[in-house]
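Structure first, commentary second.
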Amino acid sequence: MRVPAQILASEGLLDAIIKDRSLNQLVNVATLPGIKKASMVMPDVHEGYGFPIGGVAAMDYPEGVISPGGIGYDINCGVQLLASQLQIKDNRDAVEALSKELHAHVPAGMGKGGTIKLTTEQLDEVLAEGANWAVNHGYGTRESLSYMESHGKLNDADPAFVSTMAKNRGLDQLGTIGSGNHFVEVDFVEKTYNNTIAKTYGLQKGQIVLLIHTGSRGLGHQVATDHIRKMMMAMSHYGINVPDRELTCVPFNSKEGQEYFKAMCAAANFAWCNRQIISWEVKNAWENIFGKEGGDLRLLYDVAHNIAKIEMHTIEGTSRKVIVHRKGATRAFGPGFKELPPEYKGVGQPVIIPGSMGTCSYVLAGTSKSHEMTFGSCCHGAGRRLSRSAAKRQANAPVLKEKLREQGIFVEAGSFRGIAEEAPIAYKDVGSVVDVVSASGIAKKVAKLKPVAVIKG
DNA sequence: ATGTAC
C-alpha cells in the first residue's frame, strides 16, 4: 500500500461492508501509482469492478494513473433534481396519471431506444457539447446549464477516441433511462433539516419534486469496455503491476491514458445531454397532466457520481492538481466554489442522494470539511447489501409492487426482474448512510424526499 | 451498469 485506506462508516453499516470484497478492493486501490493521501470509501460502499463502488481515489497529476475501474462502466451515471411549485396534499389524485404519463414519455429498459435518432455527425456534436447540445436544439433552457455540475460539459472530450461501435450504441439512446437502479421518480419533501439552505435551494415541506437517475447507457459502457481492453495490453509497457486485473490503469499523461480520458469526457457529455433531454420529456409529461396550473419545473441541480475530474486539492498543506476518481461518489464542494450558481455559492453544492426504490432520498449540501477529508466528495446512495442475483432469489417482485402501492407508491416497471433486483432489502438503509456523512461533517442534511411514483426499466 | 461473457 502506498497510502492508508480510509473507511467512513458506522458500526452498524460495517456488518454489510465486511461481507463482500469491497475492503479488499479498497486496499488494492491503495497500491496504485500516484495515489495521494488515502484510498477512501463512503458508507454506501459495496463491491464493484476492480474499485469498490462508493470509492474516491485522487492520483498525482499528470504522472499518476487513470483507471477505468475507478470510474465505472456507467460513465457519468448521475442524478438530476427538479423542483415543482405544487404541493403533494393538493395533487395526490393526479399521481397515478402522472406516473403513467412519465412512463409514456421516457423509454425505460435494457437496450431500449428513444424517439431521437441521431446522425453520426450529430452524435459527435453531443459528445463534444454535452447538455449544451440539448439546449441548442430546443430541449430546455440555457439558464439550466448553470445548475449542472461542470455546466453539463467537460471540455477535454474528444469524440475521435469513442469507437464506432460505442457511437452506434448511442445513436438512439438519448432520452432513455435504461435499467438497473436507473429511474424517474416523483417525490415530495417530507422534511427539511436546515431551513436556511432548504430556502436557498428553493425546497419546502410538502413540495413535489422529481428525480432523474441515469447515465451514458450503452455508449458509455462500450467506451469503458474498449479502453479497458487497450489498457490491459499497454499496462506492462509502463511497468505497472496491479494486484487485480480489474484495476488496469496507465499513467494519465500516457497515450492510452489521454485517449481514455478524452473518451470518458465524451461519454460524460453524452450522459449530461441524456439527462437534460429526459428532463425536457418530464416537463412535457408534467404539462400534459397539470396544464398551465402545473407551473414551472426548475432544475435544482444535476450531479455526476461515476466520473474522473482534474481538480485542485490541498494535500499536506500544498495545493496540487490531482485526478480525482469518483465511483459511486458525489462531488460535494463547499461554500465559495466558483462554479456554483450565485445563489448557492454561500451554502455549498447540492448533493443529491437517491435511496432505494420506495424508501426515500436526501438532499445535502457540500461543506469545506469535505475538501479536508474526502477530496470534496460524499456518498451517492444507499449502497447494495445484496448482489443482483441474491436479491432476485430473496425478493418477491409482484408482492413488493402491491405492497408499495398500498403505501401510496406507484411503480411503473418494464419487468418483475428489475423490481426484484432493486428491492429495498437489496440495499442498506439510506438514512443510516446519510447520518454517517452528516456526522462526519462532509455534507449537511437539507431535506428528505419521499417517493409517490417510480418509473423503472 | 450493459444488445445480461469473446
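Protein chains get the first letters and strands the later ones, always in sequence-line order, with residue 1 at the start of each.
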Looking at DNA chain B, which of residues 388-401 of chain A put a heavy atom within less than 4.0 Å of it?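 Correct list: A:R388.
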
Protein-nucleotide distance ([X], atom [atom1]; [N], atom [atom2]), rounded to Å:
X: A:N168; N: B:dT2; atom1: CG; atom2: P; answer: 18 Å
X: A:Y49; N: B:dT4; atom1: OH; atom2: P; answer: 16 Å
X: A:I53; N: B:dT2; atom1: CD1; atom2: C1'; answer: 13 Å
X: A:Y73; N: B:dT2; atom1: OH; atom2: C1'; answer: 9 Å
X: A:H221; N: B:dT4; atom1: NE2; atom2: P; answer: 9 Å
X: A:D172; N: B:dT2; atom1: CG; atom2: P; answer: 13 Å
X: A:K456; N: B:dT2; atom1: NZ; atom2: P; answer: 11 Å
X: A:R245; N: B:dA5; atom1: CZ; atom2: C1'; answer: 12 Å

Nucleotide nearest A:R229 when distance is taken to its side chain, options B:dT4, B:dT2, B:dC6: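 The answer is B:dC6.
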
Indicate whether OP1 or OP2 belonging to B:dT4 is found under 4.0 Å from a side-chain N or O atom of A:S179.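 Answer is no, no contact under 4.0 Å.
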
Any base atoms under 4.0 Å from [X], or only sugar-phosphate, or nothing? Heavy atoms, all strands.
X: A:G72; value: nothing
X: A:R384; value: nothing
X: A:E421; value: nothing

Enumerate the residue pairs fulfilling salt bridge (Lys or Arg N to Asp or Glu O under 4.0 Å) with a member in residues 33-55 of chain A, sequence neighbours excluded, ordered by first and then second residue.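 Sorted pair list: A:K36-A:D60.
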
Could you list the residues that satisfy salt bridge (charged side-chain N to carboxylate O under 4.0 Å, His left out) with A:E259, not counting sequence neighbours?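 Residues passing salt bridge (charged side-chain N to carboxylate O under 4.0 Å, His left out) with A:E259: A:K255.
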
Side chain to side chain donor-acceptor pair (under 3.5 Å) contacts in which one or both residues fall within residues 300-311 of chain A, not counting sequence neighbours: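 Residue pairs passing side chain to side chain donor-acceptor pair (under 3.5 Å), neighbours aside: A:Q80-A:D302, A:E149-A:K309, A:S150-A:K309, A:H213-A:H305, A:W272-A:D302, A:R275-A:D302, A:Y301-A:R331, A:E311-A:H313, A:E311-A:R326.
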
For A:I177 against A:H182, the heavy-atom pair lying closest together: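 Taking every non-hydrogen atom into account, O-ND1, 2.8 Å.
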
Contacts of type ring pair (Phe, Tyr, Trp, His ring centres under 6.0 Å), residue A:Y147, not counting sequence neighbours: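 With neighbours one apart ignored, the set is A:Y344.
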
I'd like to check the side-chain hydrogen bond (donor to acceptor under 3.5 Å, both in side chains) partners of A:S356; sequence neighbours left out, ordered by chain and number.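 With neighbours one apart ignored, the set is A:T359.
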
Considering only heavy atoms from C-beta outward, does the side chain of A:S216 approach that of A:N76 to under 4.5 Å?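 Of all side-chain heavy-atom pairs linking A:N76 with A:S216, none is under 4.5 Å.
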
Position toward the 5' end of DNA chain B (nearest nucleotide), A:Q173 or A:T225: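 On the 5' side of the pair lies A:Q173.
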
